[in-house]
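Working notes, structure below.
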Amino acid sequence: MISRLLLDWYDANARRLPWRAAPGSNAADPYRVWLSEIMLQQTQVATVIPYFEKFTTRWPTFEAFAAAADADVMTAWAGLGYYARARNLLACAREVTRLGRMPDTEEGLRALPGVGAYTAAAIAAIAFGRRAVVVDANVERVVSRLFAIETPLPASRPQIRAHTDAITPDTRAGDFAQAMMDLGSGICTARAPRCLLCPLRDQCDGFRTGTPELFPYKAKKAPKPQRYGTMFWAERDGHVLLVRRPAKGLLGGMRALPTGPWEAVAPGLEGAPVAADWRLHDHTVAHGFTHFDLQVALAAATIGPHEVLEGEWWPVADLASAGLPTVFAKAANRFGSMRCAS
DNA sequence: AAGCCGGGGAG
DNA sequence: CTCCCAGGCTT
């Protein structure tokens, strides 16, 4: 009943998205579905679309992507966040190349790098037409409201999964999953759900409570700690020194400005890439990460022509092409405006 | 089970 | 400003 109502609504109201086939069609390209699903992990559709277009234009097929250079992929991914996804993307493409084709079962997909329970179910259903129980944040919210689940997340996940399984149809499971996502994105929204437009309103226990926006209940989260750091602008002859961050950990594998430690107290000039006449500026740059807030001071110096340093000397005028994560791009822009002002 | 891992959109 | 988002990996 619920799936019928939802699929009818989807056939008339599906969003047109670059990685989607027409509703009811089985023409979805597994490469494009896989790439979109990885990009969409914890990332909104509007943010993903330009990256998806850029990637599929440059690497139109699985074979083309598997042959890409690591540095090119990391640079193209810059700004999208969660950089382990980009590293896993390449590892996954190379694993699939070794296998000869992409697995078409949940179990086979689940074994690939960067593919967890959600993504395996989504690809199996959307790209390969299999029945799979697809549970993402949209489904968690929609199902929590449909059944007025009072257990707070994440403890309610087993109930949510069981309910989702019970309403997932045997055919068109991929369209059903995407319909749940469209419903969660446009109607059953986190803040102010548009229940008057909802095709499932008459089936919804949460609507009957009168306060569907209270679902899903969630455990409170701890406040984020504040950290302080310093970034170093080492300039020589119109070029600035960039380094490659360690492969694992925060912003792993990405090109970056040299930086000292990020700690609870301002580290000053600790961790400078070279001894020099560093000028510590008054201006700071603020940036929020998932589990801490950062405030970085900016230190600048001119480096002599014979000093040999680890890293790349990048043309200051071409910094936009360096593929810097956002926190470094912010700082670089700040340095740029200070240079113009002086 | 809990912590780590980005960034931007929306209210 | 706060909350949230087509989650996965590690410990």
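Naming convention: chains lettered A, B, ... in sequence-line order (proteins, then strands); numbering from 1 in each chain. The figures here come from the full heavy-atom set of this structure, side chains too, leaving out hydrogens, waters and symmetry mates.
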Look at all strands and tell whether [X] reaches a base, only sugar-phosphate, or nothing, counting heavy atoms closer than 4.0 Å.
{"X": "A/L294", "result": "nothing"}
{"X": "A/L80", "result": "base"}
{"X": "A/A122", "result": "nothing"}
{"X": "A/P154", "result": "nothing"}
{"X": "A/G252", "result": "nothing"}
{"X": "A/W19", "result": "base"}
{"X": "A/T326", "result": "sugar-phosphate"}
{"X": "A/R141", "result": "sugar-phosphate"}
{"X": "A/A177", "result": "nothing"}

Distance check, [atom1] atoms only: [N] and [M], in whole angstrom units.
{"N": "C/dT10", "M": "B/dG7", "atom1": "C1'", "answer": "22 Å"}
{"N": "B/dA10", "M": "C/dA6", "atom1": "P", "answer": "12 Å"}
{"N": "C/dC5", "M": "B/dG6", "atom1": "C1'", "answer": "12 Å"}

**Counterpart residues, ring-ring contact (aromatic ring centres under 6.0 Å, His included), relative to A/F232 (two or more places apart)** =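 Scan of A/F232 (ring-ring contact (aromatic ring centres under 6.0 Å, His included), adjacent residues dropped) gives A/W278.
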**Request:** Extract, from 5' to 3' on DNA chain B, the first and final nucleotides lying under 4.0 angstrom from some heavy atom of chain A.
**Result:**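 Footprint of chain A along DNA chain B, 5' to 3': B/dC4 to B/dG11.
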Take the protein atom [atom1] of [X] and the nucleotide atom [atom2] of [N], then report the distance between them rounded to whole Å.
{"X": "A/Y118", "N": "C/dC5", "atom1": "OH", "atom2": "P", "value": "13 Å"}
{"X": "A/W34", "N": "C/dG7", "atom1": "CH2", "atom2": "P", "value": "17 Å"}
{"X": "A/L183", "N": "C/dA6", "atom1": "CG", "atom2": "P", "value": "12 Å"}
{"X": "A/Y83", "N": "C/dG7", "atom1": "OH", "atom2": "P", "value": "18 Å"}
{"X": "A/Q41", "N": "C/dC4", "atom1": "CD", "atom2": "C1'", "value": "16 Å"}
{"X": "A/D136", "N": "C/dA6", "atom1": "CG", "atom2": "C1'", "value": "5 Å"}
{"X": "A/E140", "N": "C/dA6", "atom1": "CD", "atom2": "P", "value": "11 Å"}
{"X": "A/K218", "N": "C/dT2", "atom1": "NZ", "atom2": "P", "value": "17 Å"}

**Message:** Among C/dA6, C/dC3, C/dG8, which nucleotide has an atom closest to any side-chain atom of A/R191?
**Reply:** C/dC3
**Request:** Write out all pairs satisfying ring-ring contact (aromatic ring centres under 6.0 Å, His included) with one or both partners inside residues 101-153 of chain A, taking only residues at least two apart or from two chains.
**Result:** A/F147-A/H163
**Message:** Could you list the cluster mates of A/Y82? Members are the ILVMFWY residues connected by side-chain heavy atoms closer than 4.5 Å, either directly or through other members.
**Reply:**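 Members besides A/Y82: none; it forms no cluster.
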**Request:** List for me each residue that meets side-chain contact (heavy atoms from CB on, under 4.5 Å) alongside A/N138, sequence neighbours excluded, and say none if there are none.
**Result:**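 For A/N138 the side-chain contact (heavy atoms from CB on, under 4.5 Å) partners, ignoring immediate neighbours, are A/D136, A/R141, A/M181.
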Counting N and O atoms only, with roles assigned by atom type, does the side chain of [X] sit under 3.5 Å from a partner on the main chain of [Y], one being a donor and the other an acceptor?
{"X": "A/R85", "Y": "A/M39", "result": "yes"}
{"X": "A/R255", "Y": "A/A322", "result": "yes"}
{"X": "A/R110", "Y": "A/V115", "result": "yes"}

**Request:** Answer yes or no: is there an ion pair linking A/E140 with A/R157, defined by an N-O contact shorter than 4.0 Å?
**Result:** yes
**Prompt:** Can you tell me if the side-chain N/O atoms of A/T119 get under 4.0 Å from OP1 or OP2 in C/dG8?
**Reply:** yes
**Message:** OP1 or OP2 of C/dG7 versus the side-chain N and O atoms of A/Q42: is any pair under 4.0 Å?
**Reply:** yes
**Request:** Report whether A/L183 and A/F207 are members of the same hydrophobic cluster (ILVMFWY, side-chain heavy atoms less than 4.5 Å apart, transitive linking).
**Result:**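 No: no chain of side-chain contacts under 4.5 Å links A/L183 to A/F207.
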Nucleotide N/O of nucleotides 9-11 of chain C paired with protein N/O under 3.5 Å:
unit_1, atom_1, unit_2, atom_2, d
C/dC9, OP1, A/G114, N, 2.9

**Message:** With nearest nucleotide decided by heavy atoms, which residue, A/G249 or A/K330, maps closer to the 5′ end of DNA chain B?
**Reply:** A/G249
**Asked** Under 6.0 Å from the six-membered ring centre of A/W262 and within 45° of its axis: does the NZ or CZ of A/R245 meet both?
**Response** yes
**Message:** I'd like to know whether the aromatic ring centres of A/F65 and A/F62 sit less than 6.0 Å apart in this structure.
**Reply:**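 For A/F65 and A/F62, the ring centres are not under 6.0 Å apart.
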